[in-house]
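Within every chain, numbering begins at 1; the chains are lettered A, B, ... in the order of the sequence lines, protein sequences first and strands thereafter. Remember, it's a predicted structure, so these values are computed and weren't measured experimentally. Note that these values count all heavy atoms, side chains included, but never hydrogens, waters or copies made by symmetry.
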There are 2 protein chains.
Amino acid sequence: MSKQETEERVLAQLAEVVGCCSPLAREPLSAEQSGELARVFKAMGDPVRLRLLSLIASHAGGEACVCDLTDVFDLSGPTISHHLKVLREAGLITGERRGTWVYYRVRPELLARVATVLVPADPADGVVPAGREVLPVVEA
Amino acid sequence: MSKQETEERVLAQLAEVVGCCSPLAREPLSAEQSGELARVFKAMGDPVRLRLLSLIASHAGGEACVCDLTDVFDLSGPTISHHLKVLREAGLITGERRGTWVYYRVRPELLARVATVLVPADPADGVVPAGREVLPVVEA
DNA sequence: CGGTTGAATAGACGGCTGTCAAGGTAGACG
DNA sequence: CGTCTACCTTGACAGCCGTCTATTCAACCG
């Protein structure tokens with residue numbers, strides 16, 4: 001089985017999980033929930049911001065200096081700064097000044113929370129199709 | 001261990017996965033990839049659309065008539081229609097007319113694809129922290 | 001056929017957003 | 001202190017977005 005076939009298969013399985021058990025599909029989101037979530041999705045709804053997020057997340061040491069980010073894009077400094085601010089206000093990243101430079105790092109908690117809306121996060125909920133079993137949490 | 005403690009624990013584990021192994025964190029997204037993804041996130045970046053998506057996904061039979069959706073919101077029909085169109089053009093839902101009514105259903109494949117950006121989808125990639133093991137795909 | 005109802009389209013309008021140029025602030029270094 | 005560098009803030013402006021009303025389309029029913 002090729003790599004691609006594997007990916008397609010896993011994707012189909014994931015789709016099955018999403019379709020039946022994701023919190024999104026289990027019960028309607030409240031106005032409040034959808035408001036909070038939408039804020040995060042909205043922040044990720046821009047190609048530049050998504051790339052910034054990815055650049056920061058994948059950078060060595062888990063953090064990236066603004067100077068590492070500006071060169072990648074054909075955009076002015078203020079524009080990058082603006083996008084970083086949007087990501088920061090959405091809670092997706094944090095910024096810290098150390099000396100001359102400002103370093104950004106992602107907050108995986110928030111990405112995780114978003115992911116739990118799409119795929120079930122609680123093993124206790126248990127409804128997992130064959131082939132994508134999730135083992136229960138092992139007590140410490 | 002309470003339900004909430006469990007959730008927090010799982011969330012922390014998920015964050016660990018996202019932080020180290022999600023495609024988003026493994027290597028920077030290309031301009032093209034981020035463009036495609038951003039289109040989907042943008043469509044989900046509105047509270048009304050997110051709620052519509054959730055209402056459709058969680059509705060009995062996996063599909064919902066437009067008439068089921070309009071009453072939930074304090075919005076005009078055309079506005080709902082507009083949001084449904086945005087979701088449709090993002091590939092998140094499909095609409096089908098049967099007689100007088102139009103029924104919408106979600107396309108879990110696309111939600112799954114989005115999810116794979118946040119959490120690793122390929123068991124072959126394997127780097128899964130203890131407590132959240134993913135079994136390999138069983139060959140047919 | 002004409003009327004009624006469910007849904008989509010067209011057009012308009014206010015507000016938000018992405019972008020830039022200009023100016024401001026914080027730290028490093030003589 | 002002055003100046004240089006890295007970054008942010010402000011203000012402006014074009015374009016997009018969410019919302020509405022009015023209109024159109026599609027299907028059912030007398």
Side-chain angles (χ1 to χ4, degrees), chain A residues 29 31 34-56 59 61 63-105, chain B residues 29 31 34-56 59 61 63-105:
Chain A
L29 264 52
S34 53
E36 287 178 32
L37 263 175
R39 275 185 42 229
V40 180
F41 282 130
K42 194 172 183 180
M44 295 198 290
D46 180 283
V48 174
R49 286 198 288 268
L50 215 44
R51 246 182 126 189
L52 281 172
L53 199 62
S54 169
L55 281 166
I56 295 170
H59 204 267
E63 63 182 11
C65 163
V66 178
C67 54
D68 296 326
L69 305 171
T70 8
D71 300 341
V72 177
F73 302 91
D74 224 18
L75 293 171
S76 70
T79 299
I80 300 294
S81 211
H82 161 68
H83 285 303
L84 288 171
K85 184 179 184 180
V86 173
L87 288 172
R88 201 170 353 112
E89 288 178 343
L92 285 165
I93 60 175
T94 58
E96 183 200 356
R97 173 160 222 140
R98 287 207 300 277
T100 307
W101 293 276
V102 176
Y103 295 90
Y104 282 95
R105 50 176 62 239
Chain B
L29 263 54
S34 53
E36 286 178 32
L37 263 176
R39 275 186 41 231
V40 181
F41 281 130
K42 194 171 182 179
M44 294 198 291
D46 180 282
V48 175
R49 286 198 289 268
L50 216 44
R51 245 182 127 190
L52 281 172
L53 199 60
S54 169
L55 281 167
I56 296 169
H59 203 267
E63 63 181 12
C65 163
V66 177
C67 54
D68 296 326
L69 305 171
T70 335
D71 300 342
V72 177
F73 303 90
D74 224 17
L75 293 171
S76 70
T79 298
I80 300 296
S81 210
H82 160 70
H83 285 303
L84 288 171
K85 184 179 184 180
V86 173
L87 288 172
R88 203 174 345 117
E89 288 178 343
L92 285 164
I93 59 175
T94 59
E96 182 200 358
R97 173 158 224 141
R98 287 207 300 278
T100 308
W101 293 276
V102 176
Y103 295 89
Y104 282 95
R105 49 177 62 239

Outermost DNA chain C nucleotides near chain A [under 4.0 Å, heavy atoms]: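 Listing 5' to 3', DNA chain C meets chain A from dT17(C) to dA28(C).
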Within 45° cone of Y104(A) ring axis and under 6.0 Å: R88(A) NZ or CZ: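 Checked: cation-pi criterion not met.
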For DNA chain D, the residues among residues 75-105 of chain B that have a non-hydrogen atom under 4.0 Å from it: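 Those residues are L75(B), S76(B), P78(B), T79(B), H82(B), H83(B), R97(B), G99(B), T100(B).
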Main-chain N/O of L29(B) paired with S54(A) side-chain donor or acceptor, under 3.5 Å: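 Yes, the answer is positive, given that a donor and an acceptor are paired below the 3.5 Å cut-off.
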Backbone N/O of M44(B) and side chain of R49(B): donor-acceptor pair under 3.5 Å: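 No; judged by distance alone, with no hydrogens or angles, the pair does not exist.
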Within 6.0 Å of CG in D74(B), more than 12 heavy atoms from elsewhere: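 It does not: D74(B) CG has 12 such atoms or fewer within range.
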Side chains of V86(B) and H82(B) in contact at under 4.5 Å (non-hydrogen atoms):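 V86(B) vs H82(B): side chains touch.
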Heavy-atom side-chain contact between L84(B) and V102(B) under 4.5 Å: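 The answer is no, as the side chains (C-beta and beyond) never meet within the 4.5 Å cut-off.
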From T79(B), L75(B), L69(B), residue fulfilling side-chain contact (heavy atoms from CB on, under 4.5 Å) relative to V48(B):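 Single pass found, and it is L75(B).
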